[in-house]
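In what follows, every chain begins at residue 1, and chains take the letters A, B, ... in the order their sequences are listed. Values reported hereafter were calculated over all heavy atoms of this structure, with side chains retained and with hydrogens, waters and symmetry mates removed.
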Amino acid sequence: MKKYKKSTDLSWLDELNQAQRKAVTAYQGPSLVIAGAGSGKTKVIIYRIAYLIKVCKVTSQKILALTFTNKAANEMKSRLENFLSLSVKDIWMGTFHSIFAKILRIEGNKLGFTRNFTIYDESDQHRFIKEIIEYSGLVNKNYDPEIIKNIISKCKNKLISPDEYIESAETDFEKDIGKIYSIYNNKLWKNNALDFDDLILKPIELFSKYKDVLNKYQNKFHYILVDEYQDTNKAQHKLLKLLAEKNRNICVVGDDDQAIYSWRGAELSNIIDFEKDYPDVKIFKLEQNYRSTKNILNFAQEIVCKNKLRREKNLWTEKEEGCKINLVSLYSDKDESRFIVDKIKEEIFKNKKKLREISVFYRINSQSRTIEERLQKNNIPYIIVGGIRFYERKEIKDILAYLKIIANPRDEISLLRIINYPHRGIGKATLEKVKSFARKKGIELYRALKNSSRIQNLDKRKKTNILSFYKLIEKYRELKDKLSLTELTRCLLDETGIISLFKEEGSRESIERIENIMEFLSAISEFSRTSEKPTLENYLQEISLITDIDMWNDAEEAVSLMTLHSAKGLEFPVVFIVGVEDNLIPYIKRLENEEELEEERRLFYVGCTRAKEKLYITYAKIRNRFGNETVSLPSRFLNDIDMNLVNIIEMESSSRNDIEYRRKKEITVPKAEESFEKGQLVKHPTFGIGEIIEKSGEGEELRLLVTFEGNITKKLLVKYARLELLH
DNA sequence: GTGCTGCACCTTTTT
DNA sequence: GGTGCAGCAC
Ligand SMILES: Nc1ncnc2c1ncn2[C@@H]1O[C@H](COP(=O)(O)OP(=O)(O)OP(=O)(O)O)[C@@H](O)[C@H]1O
């Protein structure tokens, strides 16, 4: 690649087409770049930053660039650095969450928490809410923490405070949620902890309360750029509005067809509101796609243009037609994996593709397993991006919990996690006494440990146990600033005996855990070496906002496997999208309302548009889900596609064209579910006549337990079973 | 009071 | 195919 070293050399602008160049050079005032996949939106952001620095002589500290993942930010940085020879270390570039966490560390004391605050991830939140439900004194304690967590998160994304929620609550359920929400926030504060959503909310609070602070950051960030704007939420919108109010130099870039995070509170309406917020906005449309072949682009367009709620786009490419899209039908998920791995081999050996140029996308993480097994069998290097994050593994979270308490002793969730790990004779009953003591005295749990000698009717031995745990933590709190981070962690591991615990156990799983801990240790020393300020607090902050995608080294020679969501923003020469079946893409829980269904369609579109040269789409008839075999049909998104764009490969033993088959079947699916009742007789094409024993689920999910002739009992999904009612 | 084992229930996607 | 929890054995 060509490098542009001299700052007077402006020929790098020639790498942009005319529309892109317009978007790059209109650097003042509000800009909205709205364009389809692969049209160079991210490129516009990168070049705009270069333009600001090189041509407009803006100092890099004055630029704030917000991306969707840390990986995207790192990529931008390296492109600016290596290719446009810019120093990027002063640019504020990162995700909303990491940038504003950084600001909160600096300014948080104004809102009543200290700079060593803990960030609770989702499992911490879950435990936390569970704890609240148990102790909140609510009559009904049977609430599902997961549901409550989601409601609270939705509220936060929509800027609804606990008080506002309580005010509008009508049902008892809502009133209880309001109570829990309010306690939740209060307890977070007491724990000196924030959840993910707070990382956006708290800055809003900060800027609204303290105009001088707002002013400071408005003056700091003269130029704001936001990538993937279609997936921002109300809170983020508000935050941007506050920050951009003064200078109004804000450039957002997005594609409504790629909005796939509404379930996380993202609101497509932010794009429309942007035009309302800034009536003088300059709108730029990019229409040339530089990524995919004609066939791929046309196929993807055809998928997404069936959505009603979208802006019409006119995407085109100068690239060649390329291969047709391979539409592959298989009998089972096992066959699917075999097919994919065979094709990967073919791509590598015959077509001389590199492993890292190939990626496999799926709807849900659990689908990776069968493919993974097959790849292992064939000794093909692969990497799973996403799924359980490295830092979410149990053994790592346990060590992290120690480190978190050392950094922030008020963090009760981490405290509870490891107070009896490894076992030190502080069980449930003992803990209960300590907790109730803390509550009665109105003190933090950690302080209750210190004063545990004063707890009534507690065994003396237990008190000693508690106190020695307290002293252990205290010791490390003192050592924290004396030892390096690596030394501190090593000592801690030694003293707690966590590693020897696994060594003793000696099982395969334990060995794997030890390996993970070793990897964790090397990650810590890596951080100590590369970070400017390698403190415990900085380390904890960094890892709580880092994801698998961010850690993934895409230069490594390995096939990558990831969800369709994770694939957003990436590109690969060869892409496989697997499990393109109804109930998976679109996902079974998102079939009911039109908006969700459209989002599922967009998700599929995002997947297709990642492919540069070759796209395989596979679906299987039989899929193993939690040990049960389930029958699937090809995705409805494959209906009415232009057959000229696809190459149909039938790998299924019964060579029926399933798409045709599906169309026929739709007519024969019984409409009224009420028509099936216990005791009635039905006829099945394969099993013959049987009696309905049990009925469960409803709608698409309606299942019947039927005993057929010969005493064969089957659980059938009515939707697929083609049952005929006998009167 | 503590710790283990077997059972039930589920799980969409992620900063 | 995993995780969390209830109930049981020590
Ligand atoms: N003017 C151009 N000339 C050549 N290649 C380009 C040009 N603009 C963009 N590209 C290339 O097209 C590909 C897609 O660009 P980019 O990732 O910026 O698009 P995008 O609009 O952000 O895509 P998406 O929204 O689908 O993630 C990249 O490989 C990029 O280098």
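Note on A:S98: nothing from the nucleic acid sits closer than 4.0 angstrom, heavy atoms only. The residue A:F68 sits close only to the backbone: its heavy atoms come under 4.0 Å of sugar-phosphate atoms, none of a base. Within the nucleic acid shown, A:R369 comes within 4.0 Å of sugar-phosphate atoms alone, with no base atom in reach, counting heavy atoms only. In this structure, A:T430 reaches the sugar-phosphate backbone alone: every heavy-atom distance under 4.0 Å involves primed, P, OP1 or OP2 atoms, never a base. Across all strands shown, A:E122 has heavy atoms under 4.0 Å from base atoms, whether or not it also approaches the sugar-phosphate.
Of the candidate nucleotides B:dT13, B:dC4, C:dG1, B:dC4 has the atom lying nearest to any side-chain atom of A:H423. Of the candidates B:dG1, B:dT15, B:dT13, B:dG1 carries the atom nearest the A:K433 side chain, counting heavy atoms from C-beta on. Here the nucleotide nearest the side chain of A:I364, chosen from B:dT12, B:dT2, B:dT14, is B:dT12. Looking at the side chain of A:H97, the nearest of the listed nucleotides B:dT13, B:dT14, B:dT15 is B:dT15.
Of the residues near DNA chain B, A:N420 and A:T563, the one whose nearest nucleotide (by heavy atom distance) lies more toward the 5' end is A:N420. Along DNA chain B, the nucleotide nearest to A:T95 and the one nearest to A:E600 differ in position, and the one closer to the 5' end is contacted by A:E600.
Ring stacking holds between A:W263 and B:dT13, with the centres under 5.5 Å apart and the planes within 30 degrees of each other.
A cation-pi contact links A:R264 to A:Y261, judged by a cut-off of 6.0 Å to the six-membered ring centre and 45° from its axis.
If you take atom P in C:dG4 and the same atom in B:dT13, they sit 16 Å apart, rounded to whole Å.
Using a 4.0 Å cut-off between charged nitrogen and carboxylate oxygen, A:E373 and A:K377 do not count as a salt-bridge pair.
Proximity of A:N624 to the phosphate of C:dG1: no side-chain N or O atom is located under 4.0 Å from OP1 or OP2.
Between the side chains of A:Y605 and A:N307, no donor-acceptor pair of N or O atoms lies under 3.5 Å.
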